[in-house]
Structures are given as structure tokens and as C-alpha cells.
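A quick write-up on the structure given underneath.
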Amino acid sequence: MAHVVIIGAGIGGMPAAYEMRARLPREHRVTVISAVDYFQFVPSNPWIAVGWRQRDDVVLQIRPLLERKGIDFIAQPVQAINAQANTLALQDGSTVAYDYLVITTGPRLAFEEVPGSGPVNGHTHSVCSVDHAEHFWKDYQKFLEAPGPIVIGAMPGASCFGPAYEFAFIVAADLRKRKLRHKVPITFVTSEPYIGHLGLGGVGDSKSMLESELRSQDIKWITNARTTRVDEGKMVVEQLDGKGQVDTVHELGFRLSMMLPAFKGVDAVASVAGLCNPRGFVLIDEHQRSKAYPNIFAAGVCVAIPPVEATPVPTGAPKTGYMIETMVSAIVYNIAADIAGQPADATATWNAICLADMGDTGAAFVALPQIPPRNVNWFKKGKWVHLGKIAFEKYFLNKMKSGNSEPIYEKYVLKLLGIARLHDSKPQ
């Protein structure tokens, strides 16, 4: 009997548990370990931050969902991984042994890299968690009574730019609905070398389309932005030129700010010798397998992916939902094959597909593969994307509630975008 342990219960971990349980014979155990006892649909956090969603709309209690499927669940943070002994040390002092370990923890938010940033001990907000989104909503309600400048964007080293653009447009749309937009100057500050870079070197016509949208909504922007410090009500930003030299120093006053941070690996994972790169992301081969430990696999944001290209201010490559889904499916296939004594040779499809809400419209992009040159390089805008993301939210939450193990992106998103099936997680 094999024991498969999955650390993390997010957009990667929960589907991994469902798929693993559906594929493995019942004599094998599947256990999910999460630092919190709930699943949160992270893409909805920008809506929570402006009051368009409530926490209960996008948060599910994990235990009953997993236990209904015969999956064990432990709500404890992992303190340490002993990769040689195949054991995990939990916060309560207990240990869990595993035969196979799947890491889907997501990132640690590295607010410490920019002094004064972060929603707990700093002066900026985040929409990376439901708690952070609720914190913004609390301050936003006070802000609406005395509006002023807002700064939104992404810090140096950030890799998830789509939600920053989303949030700028969502806030602008919400302020228009409240008849307050004329009182709120909005500045978009990003470490990208140009608008629409997205950590991907641009996708289709993303540069001109997003620049046009920012102009039409009177949102000013600063690119090549190295945010160096945030004080109460003031952000210091060095704007670099193409050679990486400081061109202009901006001191931006604000009453409210949301800046996505750079990511690092979570401490318990990053501290395992030989498992990760210097930023704590898991080093894997083409089969999602650790290069140092053959019974450890990883998927999602915690995986090490090199930047698409060098940029004056460091930027990372995003890991979008479709990419994560195919990583998970490859891991499930490979672990099942390994248990059965068969070749574990499935690979993920590292393509980028994203639906970005913009308040009352939206933008969709497809980069196949993620790293150029590409077979598909596609970017479109329209109200249908806004409606599609709402439908996708409901679809994914229903998938989590039902325990459906079927991959969702190929069934729903690719059909929505009018793109043919692109990948089978089984080897060809």
C-alpha cells in the first residue's frame, strides 16, 4: 500500500487530491495537509476587495469535501520536510510518513523585500488571499468616505501581473458605479518593461490593447518600476531605463494602495537541501518530479520556472490555471504509473491561458507555448470575457463541491475561447 501526501489545498492541491483518488486503487491512501481548513477561489479575491463578493461566496470547508471522497485531511501547517526519512513534521508536533509527496503549497508572499509594503506590517494591500482582500475592503469603505489617489501594481520580482491589471480596472469600474471616479487619480506601477508584458514578453497585441484601455479609463502608469520603499501615504519608485539605470525617481502620494509582491517558496519547502532554487521554488524535471528526490513531485506556483526573458527590473513568469491543471494531471499519472511499476513519463503542457476581468468587460490571452516563439499568440477583449470569468468561478466551485476529478480547462475554458484540445496528460 502506498501513501500519497499532498501539501496544499488550493487550485492545485484540491484537484490533485480528487484526481489521485479517482486514479489509484482503494488500497492506497491519499492525504491532504493544509495550513488552513478552507479552500479559497483565489481568482475571485479582487471582487471581494471591492464588495462584489462575500467570503462565503468563494470559500469552502475542506474536510467534508475530501472525506466524502475517501481522502484524509489534516489542517496543520507543515513545519519541516525530512526528505531522507520521507516524513513531515507538523506544527502540533505530530509527524506524517509518506511514500510519495506532492507539493502544491503556492508561494510565500515576500513583502519583506520592499520595506513598508504588505497589509499586516506595511502600508500596501494585496489580493493574494481572501484575508488580504477582506482587509482591503475594510479600508476601502473608509476610503470611499474621503477619496483620494490610489496606486495599484506589482513589485520588483513579481510574476503574477494579470490580477494587478484586473484590480486596477475593477476599482475604476466600482468607483464609476459609485459616481466617485472623478475624485480618485489612479496610477498603475509595474516592474514590467512595458504595459502588457505580463511576465510573458507580451501576448499578441497585449501592449497596445492594455495601453489603450488604461488611457481610456484615465489610469496613468509607470513601467520599469523598482519600488524601493513605502511609507504611510507615500511610495518611492525608481523608474529604470532600458539599460537598468535609474532614469526618474517618483514619490507617489496615495490614500490607498494594492501592490502584488514578489513570491518565494514557503519556508518548510525552501529549507530542504537540494530541493529548491535560491528563491525556494522546487526544481523539477519534465515529469514534475524533484531532481533530488524521486518520490517528491510539485505543481503550481511553487515550481521553479525561469523568466521568459531578462528585464531591467526583475520579473517572473506566471503559472496560470491551465498550466497548473496539466502539471497536476501529469503528476497523478506518473505516481500511479510508478506504483504500478510502469514508466512515469507523462509531461505537462506549459501553456498560458488567462481570463482577466476588467469590471464590466474583460481580456483573455493565450500563449502556446508560454515561452516564445509560439504556435498561438492570442489576446482578445470583450464583455464575453467578464461573463466567462463569472461562469468559470461558478463552474470551478461546483467542481470542488462535487469532487469532480475531470480536468476543467480543456472542457470549459478552451471551449469558451474556441480553441481545440491541446494536450493529453498521458504520454503520446
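These numbers come from a predicted model, not from an experiment.
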- Taking side chain as C-beta onward, heavy atoms only, is V269 less than 4.5 Å from L275? yes
- Note on the structure: For residues 103-116, the salt bridge (charged side-chain N to carboxylate O under 4.0 Å, His left out) pairs (sequence neighbours left out) are R108-E112, R108-D267, E113-R279
Give every donor-acceptor pair under 3.5 Å between a side-chain atom in residues 167-174 and any protein atom, sequence neighbours left out.
from: D174; atom 1: OD1; to: W52; atom 2: NE1; distance (Å): 2.8
from: D174; atom 1: OD2; to: Y140; atom 2: OH; distance (Å): 2.6
from: D174; atom 1: OD2; to: R178; atom 2: NE; distance (Å): 2.6

- Task: Run the ring-centre check on Y165 versus F188 and record whether the distance is less than 6.0 Å.
- Result: yes
- Applying side chain to side chain donor-acceptor pair (under 3.5 Å), name anything that partners E238, two or more places apart in sequence or on another chain. R226
- Item | Residue pairs, two or more places apart or on separate chains, that pass side chain to side chain donor-acceptor pair (under 3.5 Å) and touch residues 71-83 | R29-D72
- Task: Kindly state each residue pair satisfying side chain to side chain donor-acceptor pair (under 3.5 Å) with at least one member in residues 365-374, sequence neighbours excluded.
- Result: R374-N377
- Would you call I152 and M259 a side-chain contact if the rule is heavy atoms closer than 4.5 Å? no
- Query: Side chains of V32 and I71: closer than 4.5 Å at any heavy-atom pair?
  - Reply: yes
- Ring centres under 6.0 angstrom apart (H125, H132): no
- Item | Any donor-acceptor N/O pair, T105 side chain to V266 backbone, under 3.5 Å | no
- With sequence neighbours left out, which residue pairs that include part of residues 87-102 fulfil the side chain to side chain donor-acceptor pair (under 3.5 Å) condition? D92-S94, Y100-D338
- Task: Tell me, yes or no, whether the heavy-atom count around E232 atom CD, taken from other residues, nucleotides or ligands under 6.0 Å, exceeds 12.
- Result: no
- Query: So do L260 and M155 actually touch side chain to side chain, heavy atoms under 4.5 Å?
  - Reply: no
- Query: With a 4.5 Å limit on heavy-atom distance, are the side chains of M258 and V151 in contact?
  - Reply: no
- H386 versus M358: any side-chain heavy-atom pair under 4.5 Å? no
